[in-house]
Amino acid sequence: VSLNSIGPFCENSSYSAMSGSPSGGVYAGNGVNNNNFSPGIVSPGDHQITYTYTDNNGCANSDTITATVNANPTANAGTDQSTFTGGSVTLSGSASGGTSPYTYSWAPAADVLNDQSASTSTVALNASQYFSLTVTDNNGCTDQDDMYVSASGSALSVNATSDNYSICLGDLIGLNANASGGSNTYTYSWTSIPSGFAGTSANPNDYPGTSISYIVSVNDGSSTVSDTVFVQVNTAISPTISGLSNTFCLDDNSVSLSGTPSSGIFTGNGVSGNSFHPNSAGVGTHFIKYEVIDVNGCNAVDSTSTVVNGMPTVSFTSPTTFDYCQNTDSVLMTGTPAGGVFGGTAVNGDYFHPSQAQLGINTMYYTYTDANGCSAGDNIYMNILATPAVAITSTLNTQYCDNSQSVNLFAYPNGGTFTGPGISGSNLDFSIGSVGPRDIVYSYSAGNGCGNSDTVSTLVYGASPVSITTSLNAGYCQD
């Protein structure tokens with residue numbers, strides 16, 4: 001008689017059919033039911049199973065085997081937990097009993113990071129979930145335990161926005177990451193395409209140099225979500241200024257300014273519309289701007305500078321007397337600063353010639369140009385007074401003897417004075433003075449202070465001595 005070995009078994013194993021030879025015998029022992037052994041109804045340990053066979057002659061024999069039932073391990077999946085939608089939790093499983101070492105298996109495996117580890121973390125959970133832990137001991141015996149993770153609230157989400165989606169080159173933009181759901185505790189990470197921008201705040205700023213996509217990733221400690229916002233960067237047309245000289249004099253006329261493109265606006269000291277007025281700007285350096293705003297609302301500015309030079313301070317320094325008789329000799333004129341040019345009626349070089357000027361007021365100019373090319377001038381007014389007409393109306397012989405009878409002289413206008421050799425008042429006595437040429441001058445001064453004179457000339461000869469050489473008696477009779 002023989003009985004085939006069975007086992008070993010785990011205490012929760014299903015029954016096992018036994019096979020004795022020759023068949024038809026009787027099985028006996030703990031856990032035996034007919035020809036089946038049921039480990040689940042006996043305690044862990046070794047159990048004796050006997051198979052007895054009696055043949056047709058009434059002779060009996062038996063065989064005994066030992067069936068070992070191993071204790072199952074005890075699986076502990078941990079306590080139930082709760083989290084927010086999109087959150088994750090740490091599963092802390094353990095095992096006891098049975099025979100170590102143990103292996104572990106979490107289900108559903110797709111919802112944990114490591115399904116073969118006693119302790120692991122779940123993925124982001126968007127709904128509540130049961131988790132089952134199966135523990136297998138060194139004997140291959142298993143146990144299973146379940147736990148429940150409750151996920152509540154809304155899932156983590158983020159909406160990336162900009163305070164302006166179409167800007168001008170050089171403008172500042174503000175980015176916004178509007179996160180919600182999840183744990184309500186967030187960290188932010190900004191990147192860009194093209195690369196170059198990075199940030200870790202919810203609301204960073206940037207000066208993009210080209211059209212750009214900003215990507216924000218938000219993490220709430222369990223999961224990460226991302227969103228993208230695109231910003232169009234418009235480049236304004238570069239304007240240019242023309243028509244403005246590098247330097248001006250304060251008294252220069254205004255100039256017209258030109259800008260390209262033509263839709264811009266000029267601003268700056270001395271600017272009125274499209275004109276620059278040096279006198280309004282004043283002395284100094286001035287910056288002129290030309291601003292253009294394009295169809296996108298982008299403005300661009302060209303700027304240039306010009307210098308307005310002050311005018312030189314110019315003045316006449318001489319003459320200091322301004323009334324001149326028409327017969328006055330030439331008058332030297334001087335001005336400050338030196339090196340200028342004099343102008344006006346009857347001016348030749350630095351001299352004014354009253355005899356060539358018209359009677360009355362004559363304007364004299366002094367113009368000076370400085371190193372900046374700025375010119376200024378001063379003027380004075382010369383009053384030319386009429387010279388009286390003077391004439392000796394007496395007619396003198398071309399010659400006289402020094403014993404000739406004296407001549408009474410007449411002249412126009414009355415009130416003048418005769419001068420010359422032999423003059424006494426208006427009487428010319430030829431006997432007074434030396435012989436030879438004799439000039440007689442009549443001088444007259446008018447009420448305006450201007451004088452004139454007339455001159456006549458004659459020649460005075462000395463008379464020859466005359467004597468009677470015949471002696472005469474002192475007296476004679478008539479007959």
Side-chain angles (χ1 to χ4, degrees), residues 75-94 103-135 144-167 171-233:
N76 182 8
T79 59
D80 294 342
Q81 298 186 54
S82 63
T83 186
F84 50 88
T85 300
S88 65
V89 298
T90 299
L91 303 178
S92 299
S94 63
T103 61
Y104 302 88
S105 178
W106 286 95
D111 290 339
V112 294
L113 299 182
N114 185 353
D115 66 323
Q116 300 299 308
S117 175
S119 295
T120 186
S121 295
T122 68
V123 297
L125 301 177
N126 293 318
S128 298
Q129 176 74 48
Y130 279 100
F131 289 90
S132 175
L133 175 64
T134 298
V135 175
Q144 179 180 308
D145 189 29
D146 296 332
M147 59 87 63
Y148 183 71
V149 178
S150 174
S152 61
S154 60
L156 175 65
S157 67
V158 62
N159 180 30
T161 63
S162 172
D163 58 9
N164 199 335
Y165 297 94
S166 179
I167 66 170
D171 285 352
L172 175 69
I173 62 165
L175 300 172
N176 303 285
N178 301 306
S180 61
S183 69
N184 292 318
T185 300
Y186 312 116
T187 60
Y188 303 87
S189 177
W190 289 89
T191 57
S192 66
I193 301 175
S195 62
F197 177 76
T200 57
S201 70
N203 309 108
N205 296 321
D206 190 27
Y207 290 94
T210 186
S211 296
I212 188 170
S213 293
Y214 295 97
I215 304 98
V216 61
S217 297
V218 177
N219 183 276
D220 65 352
S222 295
S223 59
T224 300
V225 293
S226 299
D227 195 22
T228 300
V229 59
F230 178 76
V231 176
Q232 176 73 37
V233 178

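- A pairwise comparison of heavy atoms in L113 and V123 identifies CD2-CG1, 4.0 Å as the closest pair.
- Taking both residues in full, the closest heavy atoms of P208 and D171 are given as CD-O, 3.8 Å, listed atom of the first, atom of the second, then distance.
- Of all non-hydrogen atoms in S82 and V89, the two that sit nearest each other are O-CG1, 4.2 Å.
- Put simply, the side chain of S222 never gets that close to the backbone of G87: no donor and acceptor are under 3.5 Å apart.
- No donor-acceptor distance shorter than 3.5 angstrom exists from the side chain of S150 to the backbone of S128, with no hydrogens or angles considered.
- Remark: side-chain polar atoms of S192 are paired, donor with acceptor, to backbone N or O of F197 under 3.5 angstrom.
- Side-chain atoms of S92 never come within 3.5 Å of backbone atoms of G78 as a donor-acceptor pair (strictly under, hydrogens ignored).
- Between atom OG of residue S162 and atom CD of residue Q232 there is a gap of 12.0 Å, rounded to the nearest 0.5 Å.
- Between the side chains of S180 and S157, a donor-acceptor pair is found at a separation under 3.5 Å.
- A 4.5 Å side-chain heavy-atom check between F84 and D220 finds at least one atom pair inside the cut-off.
- Using a 4.5 Å heavy-atom cutoff, the side chains of D145 and M147 are not in contact.
- The aromatic rings of Y148 and Y130 sit tilted relative to each other, their planes meeting at an angle between 30° and 60°.
- Residues Y188 and T200 are not in side-chain contact: their nearest non-hydrogen atoms beyond the backbone lie 4.5 Å or more apart.
- Rounding to the nearest 0.5 Å gives a distance of 8.5 Å between CG of N164 and CD1 of I173.
- Here the side chains of L91 and T122 are in contact, with some heavy-atom distance below 4.5 Å.
- One finds the CG atom of N176 at 9.5 Å from the CG atom of N159 (value rounded to the nearest 0.5 Å).
- For the pairing with Y214, the side-chain hydrogen bond (donor to acceptor under 3.5 Å, both in side chains) check across D206, T191, T161 returns one residue only, D206.
- Residues S132 and D146 are in side-chain contact: their nearest non-hydrogen atoms beyond the backbone lie under 4.5 Å apart.
- Interatomic distance, OG of S166 versus CZ of F230, reported as 9.0 Å (0.5 Å rounding).
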**Message:** What verdict does the side chain to side chain donor-acceptor pair (under 3.5 Å) test give for S217 and S226, after you've listed the backbone C-alpha separation in whole Å, the side-chain angles of each residue and the deciding distance to 0.1 Å?
**Reply:** CA-CA 4 Å; S217 297; S226 299; 2.9 Å; yes

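- Donor-acceptor pairing under 3.5 Å is lacking for the side chains of D163 and Y165.
- Taken to the nearest 0.5 Å, the OG atom of S94 stands 4.0 Å off from the CG atom of N76.
- What you find for W190 and A202 is that their closest heavy atoms are CZ2-O, 3.9 Å.
- Under the 4.5 Å side-chain criterion, counting only non-hydrogen atoms from C-beta, Y186 is not in contact with V158.
- Closest of all the heavy-atom pairs between G174 and N205 is CA-OD1, 3.3 Å.
- Side-chain contact between V216 and L175 is absent, with no heavy atoms from C-beta onward closer than 4.5 Å.
- Remark: side-chain polar atoms of D227 are paired, donor with acceptor, to backbone N or O of A160 under 3.5 angstrom.
- Between the S211 side chain and the V233 main chain, a donor and an acceptor come within less than 3.5 Å of each other.
- By the 6.0 Å contact criterion, CG on L172 is enclosed, its count of non-hydrogen atoms from other residues, nucleotides or ligands being greater than 12.
- Heavy-atom minimum distance, A77 versus W106: O-CH2, 3.6 Å.
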